[in-house]
A.B. asks: 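Below is a structure I'd like to ask you about.
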2 protein chains.
Amino acid sequence: MAGPLDQLARQAERSPALWATVVPALRQMIVSGALAPGAHLPEGELAAALEMSRGPIREALIELEREGLVVLRRHRGAQVIALTDEDIEEIYTLRLSLEQLAITRALPRLTDEHLATMDDVLEQMRALGPDYEPQTALDLDFAFHDVLYQAAAHSRLDRAWQQIRSQVAMLLHSRHVARRDFHEIAYAEHKAIRDIITSGDTTAATEAINHHLTGAYHRLITARH
Amino acid sequence: MAGPLDQLARQAERSPALWATVVPALRQMIVSGALAPGAHLPEGELAAALEMSRGPIREALIELEREGLVVLRRHRGAQVIALTDEDIEEIYTLRLSLEQLAITRALPRLTDEHLATMDDVLEQMRALGPDYEPQTALDLDFAFHDVLYQAAAHSRLDRAWQQIRSQVAMLLHSRHVARRDFHEIAYAEHKAIRDIITSGDTTAATEAINHHLTGAYHRLITARH
DNA sequence: TAAATGTCAATGGTTAACAATCAACGGTTT
DNA sequence: AAACCGTTGATTGTTAACCATTGACATTTA
């Protein structure tokens with residue numbers, strides 16, 4: 001099925017716009033800490049470094065601002081955000097709200113394919129040892145939660161999630177650099193949610209998400225102090 | 001307090017960027033139906049009409065896309081969205097989720113100033129006759145609900161709300177063109193919420209919001225068929 | 001006649017140059 | 001010494017021209 005012609009057909013466009021290639025690159029540098037909180041990102045410097053004009057850089061920065069990873073100040077240049085405890089509280093209270101809507105909508109819509117994906121991710125979580133890469137932790141964590149948003153089939157909810165997802169990535173990355181415990185807790189935490197999904201109990205599911213994200217929030221805050 | 005010097009100090013910038021002046025103008029034309037759903041908005045045409053280059057037009061369209069009022073297609077030009085029943089269902093389920101978070105957070109944070117604003121808006125709703133302008137209906141409706149988001153003091157929640165707020169405006173505008181009943185129901189609906197706010201009962205408040213937005217959703221759907 | 005291929009007008013994407021903004025800093029004045 | 005003012009470097013915002021994409025339509029081929 002996935003022959004070379006299929007791949008060509010799936011390619012939405014011949015070559016992506018330059019800004020669309022810049023966004024993931026900058027996002028990853030910010031999330032991973034390669035571009036540190038507070039780092040200054042003048043358009044001209046980025047343009048020179050990435051060997052393109054300022055136009056596509058400018059559009060990429062607008063997108064990163066939308067994702068909450070940079071702040072733009074008129075005539076002052078972009079700056080990587082530094083997330084405070086208050087920011088974390090905002091991110092997690094909004095995340096809880098969105099994820100409760102996601103799981104409520106996902107429960108009657110999850111397909112065998114969705115569940116298979118979740119189980120596969122759970123398997124990878126279980127197999128993780130203590131020397132995991134921080135990036136792996138957030139990749140697996142998102143792979144699990146993203147399924148709920150996909151199954152919810154709600155484009156505006158997904159967009160709202162995408163708007164804080166990069167900030168969550170940034171938080172999880174730095175947390176797992178500071179303290180590696182994903183291998184100890186990730187499987188059990190997410191398996192519990194998976195089991196409740198099987199039960200189809202909406203109330204239990206929203207409570208499980210509440211418990212899970214509240215725990216995650218507290219681990220984030222604790223890791224910073 | 002609000003002398004001319006205060007106003008100068010509050011002015012964030014000498015003159016706003018061109019894209020920042022274009023956004024409200026286009027938004028209003030879309031919301032009011034002056035630019036109809038499906039209308040085609042090539043950058044070049046807008047630039048000529050507004051007497052500026054394509055750069056600021058482009059940035060304005062990116063912002064309107066973020067607000068869900070236009071879709072951008074590569075090399076095909078922007079197009080005003082046409083909202084389906086499915087879109088309305090998405091908008092209102094997400095709105096309910098956001099507004100429940102807003103009112104939960106607002107309850108312990110509402111100041112006398114917030115409450116005075118709400119009461120003033122309620123007074124204007126009560127005074128409305130059957131020949132109200134559709135724009136007035138959505139202005140008052142938003143003036144009321146926006147207070148909750150302000151009192152919630154949650155920048156990411158506010159941003160998520162701003163992302164669907166323009167679409168709600170579009171829906172409310174066309175609904176009140178089609179059927180003028182705001183003067184009959186707006187005061188009672190919102191007064192009920194206001195009274196529960198006074199009580200400080202969070203459970204009652206989220207239930208009231210649920211009831212209010214579910215009713216609003218059904219009136220929207222009914223007005224279309 | 002249907003499928004494949006080529007053309008093209010409409011449109012966005014990118015570029016480099018120029019204009020406008022703004023906060024920091026140094027000099028001047030009180 | 002503190003306040004005020006002008007300058008300036010760093011940076012974004014805007015412009016017009018040029019390059020690339022794309023889907024509809026016309027033409028060619030089997």
Side-chain angles (χ1 to χ4, degrees), chain A residues 3-26 30 35-36 38-67 69-82, chain B residues 4-26 30 35 38-67 69-82:
Chain A
L5 295 189
D6 288 329
Q7 265 183 311
L8 259 182
R10 269 201 298 278
Q11 193 170 325
E13 53 210 18
R14 298 252 184 64
S15 68
L18 286 177
W19 69 265
T21 68
V22 165
V23 167
L26 288 178
I30 293 169
L35 284 171
H40 190 216
L41 307 175
E43 289 177 14
E45 261 187 47
L46 290 174
L50 296 169
E51 293 184 325
M52 61 182 68
S53 66
R54 285 176 41 227
I57 296 293
R58 189 172 176 73
E59 292 199 16
L61 289 173
I62 288 169
E63 169 57 23
L64 292 172
E65 182 198 37
R66 189 183 69 80
E67 291 180 22
L69 291 183
V70 301
V71 289
L72 303 180
R73 277 168 59 216
R74 195 180 193 201
H75 294 284
R76 291 297 103 197
Q79 198 171 13
V80 178
I81 50 150
Chain B
L5 295 188
D6 288 329
Q7 266 182 310
L8 257 182
R10 270 199 300 277
Q11 195 169 324
E13 54 207 19
R14 297 244 188 70
S15 70
L18 287 178
W19 69 264
T21 67
V22 164
V23 166
L26 288 179
I30 293 168
L35 284 171
H40 191 216
L41 306 176
E43 288 177 13
E45 260 188 46
L46 290 175
L50 297 170
E51 293 184 325
M52 61 183 68
S53 66
R54 284 177 42 227
I57 296 295
R58 189 173 177 73
E59 292 199 17
L61 289 173
I62 288 170
E63 169 57 25
L64 292 172
E65 182 197 37
R66 189 184 68 82
E67 291 180 22
L69 292 183
V70 300
V71 289
L72 303 180
R73 277 165 62 215
R74 194 179 195 204
H75 296 284
R76 289 296 104 197
Q79 198 170 15
V80 178
I81 50 149

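Residue numbers begin at 1 in each chain, while the letters A, B, ... track the order of the sequences.
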A.B. asks: What's the CG-C1' distance between A:L50 and C:dT15, to the nearest Å?
C.D. replies: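 Rounded to whole Å, this separation is 16 Å.
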A.B. asks: If I take atom CD1 in residue B:I57 and atom P in nucleotide C:dT11, what distance separates them, rounded to the nearest angstrom?
C.D. replies: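 From B:I57 CD1 to C:dT11 P: 14 Å.
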A.B. asks: Once rounded to the nearest 0.5 Å, what's the spacing between atom CD1 of B:I30 and atom CD1 of B:I81?
C.D. replies: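 Reported to 0.5 Å precision, the distance equals 8.0 Å.
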A.B. asks: Spell out yes or no: do the side chain of A:H75 and the base of D:dT12 have one donor N/O and one acceptor N/O closer than 3.5 Å?
C.D. replies: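 Under the 3.5 Å cut-off, the side chain and the base do form a donor-acceptor pair.
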A.B. asks: Scan B:E59, B:E67, B:E65 and name whichever one has a side chain to side chain contact (heavy atoms under 4.5 Å, CB included) with B:E63.
C.D. replies: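 Result for side chain to side chain contact (heavy atoms under 4.5 Å, CB included) with B:E63: B:E67.
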A.B. asks: Could you tell me how far apart B:L46 (CG) and C:dA10 (P) are, to the nearest whole angstrom?
C.D. replies: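 Taking CG of B:L46 and P of C:dA10, I get 17 Å after rounding.
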A.B. asks: Working to the nearest 0.5 Å, report the span between CG of B:L61 and CG of B:L26.
C.D. replies: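 Spacing of CG (B:L61) from CG (B:L26) equals 6.5 Å.
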A.B. asks: According to a 3.5 Å limit on both distances, what stems of 3 or more consecutive Watson-Crick or G-U pairs are formed with DNA chain C?
C.D. replies: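 Stems (3+ consecutive pairs) listed as C:1-30 with D:1-30.
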A.B. asks: How many angstroms lie between CG in B:L46 and CG in B:L35, if you round to the nearest 0.5 Å?
C.D. replies: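 One finds 8.0 Å between CG of B:L46 and CG of B:L35.
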A.B. asks: Should B:H40 be listed as having a side-chain N or O under 4.0 Å from OP1 or OP2 of C:dA10?
C.D. replies: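 For C:dA10, neither OP1 nor OP2 has a side-chain N or O of B:H40 closer than 4.0 Å.
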A.B. asks: Any chance you could lay out the side chain to side chain contact (heavy atoms under 4.5 Å, CB included) test for B:V23 and B:L64, step after step, and finish with the verdict?
C.D. replies: CA-CA 7 Å; B:V23 166; B:L64 292 172; 4.2 Å; yes
A.B. asks: Give me the atom names and distance for the closest heavy-atom approach of B:P24 to B:A20.
C.D. replies: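 That closest heavy-atom pairing would be CD-O, 3.1 Å.
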A.B. asks: I'd like to check A:R66 versus B:I62 (side-chain heavy atoms, cut-off strictly below 4.5 Å). Are they in contact?
C.D. replies: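 A side-chain contact is absent here, since even the closest heavy-atom pair is not under 4.5 Å.
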A.B. asks: Can you measure B:E43 atom CD to D:dT22 atom C1' for me and round it to whole angstrom units?
C.D. replies: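 It works out to 15 Å between those atoms.
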A.B. asks: Can you tell me if B:S15 touches the phosphate of C:dT21, counting only side-chain N or O atoms and a distance under 4.0 Å to OP1 or OP2?
C.D. replies: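 Checking C:dT21 against B:S15, a side-chain N or O does come within under 4.0 Å of OP1 or OP2.
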A.B. asks: Nearest 0.5 Å please: distance from the CG atom of B:L72 over to the CZ atom of B:R74.
C.D. replies: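 The distance works out to 12.5 Å.
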A.B. asks: Between C:dA10 atom P and B:L41 atom CG, what is the distance in whole Å?
C.D. replies: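 Between P of C:dA10 and CG of B:L41: 17 Å.
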A.B. asks: Any protein N or O atoms within reach of nucleotides 14-16 of chain D? Criterion: under 3.5 Å, listing atom names and distances.
C.D. replies:
{"unit_1": "D:dT14", "atom_1": "OP1", "unit_2": "B:L18", "atom_2": "N", "d": "2.4"}
{"unit_1": "D:dT15", "atom_1": "OP2", "unit_2": "B:S53", "atom_2": "N", "d": "2.6"}
{"unit_1": "D:dT15", "atom_1": "OP2", "unit_2": "B:S53", "atom_2": "OG", "d": "2.5"}
{"unit_1": "D:dT15", "atom_1": "O5'", "unit_2": "B:S53", "atom_2": "OG", "d": "3.2"}

A.B. asks: I need the CZ-P distance between B:R73 and C:dG12, as an integer number of Å.
C.D. replies: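 So the two atoms are 11 Å apart, to the nearest Å.
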A.B. asks: Which heavy atom of B:V22 sits nearest to which heavy atom of B:A60, and what is that distance?
C.D. replies: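 Distance-wise, the nearest heavy atoms are CG1-CB, 3.4 Å.
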A.B. asks: Grab the CG-P distance between A:L72 and C:dC22 for me, whole Å please.
C.D. replies: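 A:L72 atom CG is separated from C:dC22 atom P by 14 Å.
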A.B. asks: Select base, sugar-phosphate, or nothing to describe what A:A78 touches, counting heavy atoms under 4.0 Å on all strands.
C.D. replies: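 Result for A:A78 = sugar-phosphate.
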A.B. asks: With respect to the side chain of A:R76, which nucleotide from D:dA10, D:dT22, D:dT12 is positioned closest?
C.D. replies: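 Taking heavy atoms from C-beta onward, the closest nucleotide is D:dA10.
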